[in-house]
Visitor: 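Mind having a look at this structure? Questions to follow.
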Amino acid sequence: MRKLITVTLSTLVFLSFSSLALAADSTLSGDNLGLICAAAAIGMAIAAFGCGIGQGLGLKAACEGTARNPEASNKITVTLILGLAFIESLAIYALVVNLILLFANPFSG
């Protein structure tokens with residue numbers, strides 16, 4: 001029940017702010033460029049934070065797994081490296097999106 005209330009309220013908040021985003025004019029002025037730069041910085045910070053937490057948890061679990069079962073360390077290492085590569089790719093995708101927002105300016109008229 002608690003999850004349903006949380007999902008419902010967050011959906012209502014997102015829907016209430018979507019009209020403001022859709023009503024914005026499409027010209028890129030100095031104010032909009034500043035907002036895009038701020039959004040790119042905040043987005044990259046969130047992506048880096050999330051990827052760092054994910055990599056730390058993955059490394060912690062791999063170390064615990066190797067400590068419990070040293071014979072499986074080769075399989076754990078391969079799985080860990082593959083998982084870390086996937087997590088790091090998410091940060092690279094966020095970087096690419098931020099660079100597109102900053103330099104390609106898809107919102108300019």
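Keep in mind that what you see is a predicted model, and the values were worked out from it rather than measured.
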Visitor: Determine whether Leu57 and Phe49 fall in the same hydrophobic cluster, where Ile, Leu, Val, Met, Phe, Trp and Tyr are linked whenever their side-chain heavy atoms lie under 4.5 Å apart.
Guide: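 Yes; Phe49 is reachable from Leu57 via cluster members.
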Visitor: Is a donor on one side and an acceptor on the other found under 3.5 Å between the side chain of Ser73 and the backbone of Pro70?
Guide: yes
Visitor: Looking only at heavy atoms, what is the nearest atom pair of Ile36 and Leu101, with distance?
Guide: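 So the minimum-distance heavy-atom pair works out to CG2-O, 3.6 Å.
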Visitor: Closest heavy-atom contact between Gly43 and Asn98?
Guide: C-ND2, 4.1 Å
Visitor: With hydrophobic residues grouped by side-chain heavy-atom distances under 4.5 Å, do Phe103 and Met44 end up in a single group?
Guide: yes
Visitor: Indicate the atoms forming the closest heavy-atom contact of Leu80 with Gly58, along with that distance.
Guide: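 Minimum heavy-atom separation between Leu80 and Gly58: CD1-O, 3.6 Å.
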Visitor: Can you check whether Val78 reaches Asn74 side chain to side chain, under 4.5 Å on heavy atoms?
Guide: no
Visitor: With rounding to the nearest 0.5 Å, note down the distance linking CZ in Arg68 to OG1 in Thr66.
Guide: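 Answer for the CZ-OG1 pair, Arg68 versus Thr66, is 11.0 Å.
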Visitor: Would you compute the distance between atom OG1 of Thr6 and atom CE of Met1 and round it to the nearest 0.5 angstrom?
Guide: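 So the OG1 of Thr6 and the CE of Met1 are separated by 10.5 Å.
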Visitor: Quick one: CG on Leu95 to CG on Leu99, what's the gap to the nearest 0.5 Å?
Guide: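 If I round to the nearest 0.5 Å, the distance is 4.5 Å.
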Visitor: How many angstroms lie between OG in Ser89 and CG in Leu84, if you round to the nearest 0.5 Å?
Guide: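 Atom-to-atom, Ser89:OG and Leu84:CG are 11.0 Å apart.
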